[in-house]
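Data first, discussion second: the structure below is written as C-alpha cells.
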Amino acid sequence: MAMETLDSHVTTQEQANRTGAFGARLMRTVRGLFNNTLAVIASLIMVIPVYLVFVNALKTRIEASSMGVEFPTELQWQNFYTVIEKGKLLSAFGNSVLYAVTATLIGVTLSAMAAYVLARNRTRFNRAMYLLLIMGIAVPTNFVTLTKVMQLTQLINTQFGMIVLYSASVIPLNVFLFYAFIQTIPRELDEAAILDGCSPLRLFFSVIYPLLTPVLVTASVLNLLGIWNEFLLPLYYLNKTAHWPMTLAIYNFFGQFQSDWSLVSADIVLTILPVIVVYLLAQRFILSGLTTGAVKG
Amino acid sequence: MIRNKVYPFYFVGGALLLYVLFFVLPSVMGLYYAFTDWNSYSPEVNFIGLDNFALIFSSSQGYLRYISNTILFTFATIVTKTVIALGLAVLLTRGVRRLAHVHRMLIYLPAVLPMLAVSLIFKSILNPATGLLNESLRNVGLGFMAQKWLVDINWAMPSVIGVDTWKGIGYIMVILIAGIEAIPREYYEAAEIDGASGWQAFWRITIPLLMPVLAVVTVLNLLYGLKVFDVVFVLTKGGPGHATDTVYTIIFDEFSKGRYGVATALSSLLFVAMIGLGYFVIRFMHRDTEA
C-alpha cells in the first residue's frame, strides 16, 4: 500500500516535470502575482480612510471640503492649534488619559486578584462566581437603571464615577484572561511561599503577580484602548464639558464644525494618533489577547 | 480549610463588588422597572404590568422594526465579516508570503481605532456629492453606481453594515489566521501529494478543522451585533426615518426623552435574550480552561 502511493506519486511528479514544467511555473507566477495584488488592494482599502484624515488635517478648509486623497498645497499645521483651542482638547485629552490609566490599573489589579483565588480554590461557589463574572462579556448593560445606581451612589457626572464605571466594565474580560493564564503557574510556588511564612497578600503580589506579566500587559493594553475608544458610557453619564473624554469632545466638535473637514480631520488625528502609536508598539500583546480562548480549545 | 486561608475570598471581593453593583444590580433592577411607568416627568413610579411590552410588541409602533433592524444588521455583519475575513486569512497564510505580516498589521489597524472616529471618516467618504466613494466611482466611469449612501432609505442600512464590516474584518481575520496556523502543515502536504487542488484542500481540510474557531467568531460577531450603537448613532442617528435604528440606539433615544420605563423594558428584553446566548459563549470560550 505504502509503496503503491509512493509510486503513483513519483509518476505524477515525473509527468508534471516532463510535460508542464514551464506551464506550471508560469501558472504559479501568475497566481502569486494575483494573490499579492489582492493583498495589496485589501491593505489599501483598510489604510486609505485613515490616510484621508491625516492629509486633510493639514489642508485649508476649502481644500479639505471634498476630503480628497491629494496632498495639501501648503501644510496647515495651525489646524491642530485651532482644534485644541476650540475643541477644548487639552482637558479632554487629560480626561481620557486619567480615565484610561486609572481604570486600567484598578480593573487589572482587582481582576487579577479575583481570578487568582477563583482559579486556585475551586469550590462550587467560586466556580459559580467565576461564571457570573465572565457572563459580563456577553450580557448587555442596562444603562437606564445604571443611571439610578449612579445617582444613588452619587457618582453620576463625576470623574471618579467614570473611573469606577470603566474599572467595572473591564473586569469580565480581564478575569477571563487571567483565569486561563493562572492555571499555567505551578501551585508548588504557592506552597513553598506559604511554608516560608508568606501572607496571602505578599504571596500574590511578590510571587504570583510578576509571573503574570505577559497577560498583565495584554490586558492593560486592551483595557487602555477599550476605554480610550469608549463612547457610550460618557454619553449617558457625563453632562459637564469639563469631564468629557476625547470621544465625546470630538463628537460635539463635529456637531459644531461639520462644515469644516480640515478641523474635524485634525481633531480625529489627535484622537487616533495615540491609539496608533500604542498599536504599533504593543501589537504582539494585543493579538495574543484577542486569540486567547478563541483558538486552541 | 487551609485553602480558604491561603486563597482568601476577599481577593475576589473588589472585582465582585464593582461588577455586581454596576452591572448585575442594574440588570436585576431593570426586570422590575420594565413593568413600571418610570419616567422623567413625574417622581412617582407605578406598576403598570405588561403595558411597556404591549407597546413594544404592537405593530402600530416602530419597535418591532428596530428589533428586526438589529437582527438584520447582526446577521449581515456575521456573514460579511466572516466570509471576507476568512478569504483574507487564507490569502495571508497560504497565498502570500512576501510582506504577509505587513498586510496583516494594516488590515487589523481599523479594529483598534475608535468606532466614533471611523464613523466620522466614513460620513465624509459616503457623502453623496463630495465623498471619496462616489468621486472615485465617477472617475473610473462607474458613476451609475454612485448612491446617496447614508441618505437613501434603501442604502442607509447596507452602508452602515459596510462601514461596520470594514472596521470589524481585521479582528475576525486575526483570530482566523491563528486558527489556520494551528492546523498541522502535514495535512496540506499530504493533500498536495495526493493531488488535491487548493480549493479541495480549503473545503476538506481548512473549513472542517476551523469549525470551532468559526463558531467562536460567529458568537463574537453575534454579541457585538445585537449591542451595536456607535456606528449607527454617528453615521445616521437611526435615520433616514427609522431605517437604521437598532435596539441600543432606540434605548438611548427613549432614555433621552425621559421614557425610562420603555427604555428599561427594551433593555431587559435584550438582557434575557443574551443571557441565553451568553451561556453558549461561556461554554465555547471556556473549553480550554476545563482540562
Side-chain angles (χ1 to χ4, degrees), chain A residues 9 12 35-36 38-39 42-43 46-47 49 52-53 66-67 110-111 113-114 116-118 120-121 129 131 133-136 138-142 144-146 149 165 167-168 171 179-180 183 190 194 200 225 229 231-232 247 251 254 261 268 271-272 275 279 287 290-291 293-297, chain B residues 3 6-8 11-12 14-16 18-19 22-23 25-27 29-30 33 88 91 95-96 103 106-107 109-110 112-114 116-117 120-121 124-125 130 132 174-175 178-179 182 193 195 212-213 216 223 227 229-230 255 260 263-264 267 270-271 274-275 277-278 281-282 285 287-289:
Chain A
H9 162 223
T12 43
N35 284 340
N36 277 295
L38 216 58
S43 292
M46 302 318 263
V47 172
L52 269 190
V53 279
S66 66
M67 276 286 267
L110 291 181
S111 310
M113 290 173 74
Y116 166 68
V117 165
L118 294 178
R120 284 295 203 238
N121 187 11
M129 288 301 109
L131 290 178
L133 280 168
I134 65 169
M135 234 1 203
V139 167
T141 311
N142 190 326
V144 190
T145 40
L146 180 53
V149 174
L165 258 192
S167 311
I171 287 172
Y179 191 88
Q183 289 171 323
D190 307 7
I194 291 296
L225 291 179
N229 293 346
F231 176 59
L232 201 45
T247 45
Y251 180 70
F254 177 75
W261 274 104
I268 295 176
T271 312
I272 66 176
V275 176
Y279 170 56
L287 300 185
L290 294 180
T291 47
V295 186
K296 186 171 166 57
Chain B
R3 284 205 161 180
V6 182
Y7 308 116
F11 269 48
V12 187
L16 201 59
L18 283 188
Y19 174 70
F22 295 103
F23 292 103
L25 182 64
S27 296
M29 282 165 65
Y33 281 103
L88 290 171
L91 182 70
V96 173
H103 289 303
L106 293 177
I107 294 172
L109 174 69
V112 291
L113 300 178
L116 177 75
L120 287 177
I121 299 172
S124 139
I125 293 178
T130 59
L132 182 70
V174 163
I175 296 176
I193 288 170
V213 184
V216 170
L223 295 178
K227 294 192 274 193
F229 178 83
D230 296 15
F255 174 84
Y260 302 142
T264 305
S267 215
L270 193 63
F271 173 71
M274 289 184 80
I275 282 268
L277 292 171
V281 177
I282 286 169
M285 299 180 85
R287 279 163 318 170
D288 55 332
T289 56

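The sequence lines fix the lettering, A, B, ..., with proteins before strands; numbering per chain opens at 1.
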For this session: Could you check which of B:Phe23, B:Phe271, B:Tyr260 has the highest count of heavy-atom pairs closer than 4.5 Å to chain A?
Result: B:Phe23
Exercise. Minimum heavy-atom separation for A:Asn35 to B:Val96, with atom names?
Worked result: O-CG2, 3.5 Å
Seminar exercise, completed: From the list A:Pro49, A:Ala42, A:Gly136, the residue making the most non-hydrogen contacts under 4.5 Å with chain B is A:Pro49
Exercise. Is there a donor-acceptor pair under 3.5 Å between the side chain of B:Lys227 and the backbone N or O of A:Thr141?
Worked result: no
For this session: For chain B, find which of A:Val53, A:Val47, A:Leu232, A:Leu225 contributes the most heavy-atom pairs closer than 4.5 angstrom.
Result: A:Leu232
Problem set entry | Which portion of A:Leu133 sits near chain B, non-hydrogen atoms under 4.5 angstrom | both
Problem set entry | Atom group of A:Tyr279 that falls short of 4.5 Å from chain B, counting heavy atoms | side chain
Exercise. Under a 4.5 Å heavy-atom cut-off, does chain A meet the side chain of B:Phe229, its backbone, both or neither?
Worked result: side chain
Exercise. Got a second to check how far A:Ser167's OG is from B:Phe22's CZ, nearest 0.5 Å?
Worked result: 9.0 Å
Exercise. What is the distance from atom OG1 of A:Thr271 to atom CG of B:Leu120, rounded to the nearest 0.5 Å?
Worked result: 9.0 Å
Problem set entry | CA sep, side-chain torsions, deciding dist, call: A:Arg120, B:Val6, side-chain contact (heavy atoms from CB on, under 4.5 Å) | CA-CA 9 Å; A:Arg120 284 295 203 238; B:Val6 182; over 6 Å; no
Exercise. Which heavy-atom pair separates A:Val117 from B:Tyr7 by the least distance, and what is that distance?
Worked result: CG1-O, 3.5 Å
Exercise. If you measure only the distance, is there a donor-acceptor pair under 3.5 Å linking the side chains of A:Asn142 and B:Tyr33?
Worked result: no
Seminar exercise, completed: Answer key: most heavy-atom pairs under 4.5 Å with chain A among B:Leu113, B:Leu132, B:Ile125 is B:Leu113
For this session: Indicate the atoms forming the closest heavy-atom contact of A:Thr145 with B:Pro26, along with that distance.
Result: OG1-O, 2.7 Å
Problem set entry | A:Ile171 side, atom CD1; B:Leu18 side, atom CG - distance, nearest 0.5 Å | 4.5 Å
Exercise. Which atom pair, heavy atoms only, marks the closest approach of A:Met135 to B:Ile275?
Worked result: CE-O, 3.6 Å
Exercise. Checking heavy atoms, do the side chain of B:Leu116, its backbone, both or neither come under 4.5 Å from chain A?
Worked result: side chain
Seminar exercise, completed: Heavy atoms of A:Pro200 and B:Pro8 approach each other most closely as CB-CD, 3.7 Å
Exercise. Which region of B:Leu91, side chain (C-beta onward) or backbone (N, CA, C, O), has a non-hydrogen atom less than 4.5 Å from a non-hydrogen atom of chain A, or is it both or neither?
Worked result: side chain
Seminar exercise, completed: Rounded to the nearest 0.5 angstrom, the CG-CZ distance for A:Leu146 and B:Phe255 is 9.0 Å
Problem set entry | B:Leu88, part contacting chain A, at a heavy-atom distance under 4.5 Å | side chain
Exercise. B:Phe11 vs A:Tyr116 aromatic rings, parallel, tilted or perpendicular, using cut-offs 30° and 60°?
Worked result: tilted
Problem set entry | Any donor-acceptor N/O pair, A:Asn229 side chain to B:Val112 backbone, under 3.5 Å | yes
For this session: Heavy atoms only: give me the nearest B:His103-A:Ala39 pair and the separation to one decimal.
Result: ND1-O, 3.4 Å
For this session: Please state whether the side chain, the backbone, both or neither of B:Ile107 comes within less than 4.5 Å of a heavy atom of chain A.
Result: both
Problem set entry | Portion of A:Leu38 that has a non-hydrogen atom of chain B nearer than 4.5 angstrom | both
